[in-house]
Amino acid sequence: NAGVMQNPRHLVRRRGQEARLRCSPVKGHSHVYWYRQLPEEGLKFMVYLQKENIIDESGMPKERFSAEFPKEGPSILRIQQVVRGDSAAYFCASSPRTSSSYNSPLHFGNGTRLTVT
Amino acid sequence: QQQVKQSPQSLIVQKGGISIINCAYENTAFDYFPWYQQFPGKGPALLIAIRPDVSEKKEGRFTISFNKSAKQFSLHIMDSQPGDSATYFCAATVNQAGTALIFGKGTTLSVSS
């Protein structure tokens, strides 16, 4: 019973390149969340998606960042023209289709560590 | 109003001691308060959670105390062990399907043997 799978675990990009982070949720989960973690900053909510829909993107930077969760395949967080300030750990979490937070907590992946050189 | 403030930032406790981490929130609509534990190189994992209709919840050595009027909640780790050394995050949200968790900044706990 696989948990949330994120890949790659580590990603190095030069300034100006694109970064694509993938997340496969727990089987049967159709809610996906992306969080960014910076040292001493905790986990910052970025975006919440359901299959084929962006539900809440209030935490996403307005430019260069986008996310999708297609009908088939993993959720993708895409960062265009990366800058050094994008270096961080990016975590994906999933939860079941219909559930309250209390009954079905978020399951996190082990993250992708992005380093921009 | 969406913030969750966590303290201390770091904590050193001797083996067998009690570790206490505190959190405060402003949004009175929050009604679900989980704590997550994170080891280096891993993602956060749910440790224990509480709803505001109870003042305390205990699971093994881990206890959440909740003070609704003060809008504060805390994690107590009894008989702290070196294996408890990790980063702990408090969080809060409105308990409905899909609402995102708002996390505190984390507390790095070191338990010395």
Side-chain angles (χ1 to χ4, degrees), chain A residues 3-7 9-10 21 23-26 29-51 53-60 67 69 89-113, chain B residues 1-11 21 23-25 27 29-54 57 59 64 66 73 86-108:
Chain A
V4 176
M5 302 301 292
Q6 289 188 250
N7 64 81
R9 289 297 310 277
H10 300 275
L21 287 62
C23 168
S24 295
V26 173
H29 287 193
S30 59
H31 296 207
V32 165
Y33 304 77
W34 285 93
Y35 285 82
R36 178 163 62 177
Q37 186 175 33
L38 291 163
E40 301 181 357
E41 287 293 322
L43 291 149
K44 296 289 189 183
F45 167 73
M46 299 181 73
V47 61
Y48 159 44
L49 310 104
Q50 292 181 19
K51 286 283 188 182
N53 287 302
I54 296 174
I55 307 302
D56 180 357
E57 57 182 345
S58 59
M60 285 275 271
F69 188 17
Y90 292 83
F91 289 93
C92 170
S94 72
S95 67
R97 177 170 54 216
T98 55
S99 176
S100 69
S101 298
Y102 190 82
N103 293 327
S104 294
L106 288 185
H107 297 258
F108 280 85
N110 285 328
T112 293
R113 274 107 186 128
Chain B
Q1 226 192 3
Q2 285 293 95
Q3 281 188 326
V4 177
K5 295 182 179 179
Q6 183 172 347
S7 63
Q9 185 175 344
S10 61
L11 182 61
I21 304 170
C23 284
Y25 63 97
N27 188 347
F30 287 155
D31 59 359
Y32 171 64
F33 304 90
W35 285 87
Y36 278 77
Q37 180 187 55
Q38 184 181 29
F39 292 104
K42 300 293 186 182
L46 179 68
L47 186 63
I48 187 172
I50 197 168
R51 290 186 294 203
D53 53 346
V54 297
K57 182 173 181 181
E59 288 184 3
I64 299 179
F66 185 81
F73 58 110
T87 300
Y88 293 82
F89 294 95
C90 62
T93 191
V94 178
N95 186 34
Q96 62 186 44
T99 310
L101 280 171
I102 307 299
F103 284 86
K105 290 189 176 182
T107 296
T108 300

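First the proteins, then the strands, lettered A, B, ... as listed; each starts at 1. Just the heavy atoms: all of them, side chains too, but no hydrogens, waters or symmetry mates, feed the values below. On a predicted model such as this, the values are computed, not experimentally measured, just so you know.
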Interchain contact, A:Ile55 with chain B, by part (heavy-atom threshold 4.5 Å): neither
Interface moiety of B:Ala45 toward chain A, non-hydrogen atoms closer than 4.5 Å: neither
Whether B:Thr87 side chain and B:Thr108 backbone form a donor-acceptor pair below 3.5 Å: no
Best-contacting candidate, B:Arg51, B:Gln38, B:Gln9, against chain A by heavy atom pairs under 4.5 angstrom: B:Arg51
Heavy-atom pairs under 4.5 Å with chain B, option from A:Val4, A:Asp56, A:Leu43 with the top count: A:Leu43
Non-neighbouring partners of B:Tyr88 that pass ring pair (Phe, Tyr, Trp, His ring centres under 6.0 Å), sequence neighbours left out: none
Donor-acceptor pair, side chain of B:Asp31 and main chain of B:Asn95, under 3.5 angstrom: yes
Side chain / backbone / both / neither for B:Gln6 at chain A, heavy atoms under 4.5 Å: neither
Backbone of A:Val26 reached by a side-chain donor or acceptor of A:Ser94 within 3.5 Å: yes
Residue among A:Phe108, A:Tyr48, A:Phe91, A:Tyr90 satisfying ring pair (Phe, Tyr, Trp, His ring centres under 6.0 Å) with A:Tyr35: A:Phe108
Close side-chain approach of A:Phe45 to A:Ser58, heavy-atom, < 4.5 Å: yes
B:Pro34 portion near chain A, given a 4.5 angstrom heavy-atom threshold: neither
Top contributor to chain A contacts, counting heavy-atom pairs under 4.5 Å, from B:Pro44, B:Ala49, B:Ser10: B:Pro44
Atom group of B:Phe33 that falls short of 4.5 Å from chain A, counting heavy atoms: neither
B:Thr99 OG1 to B:Tyr32 OH distance, which is reported to the nearest 0.5 Å: 11.5 Å
Largest heavy-atom contact set with chain A, pairs under 4.5 Å, which of B:Thr93, B:Leu46, B:Ile102, B:Leu101: B:Leu101
Engaged part of A:Gln37 at the chain B interface, taking heavy atoms whose separation is under 4.5 Å: side chain
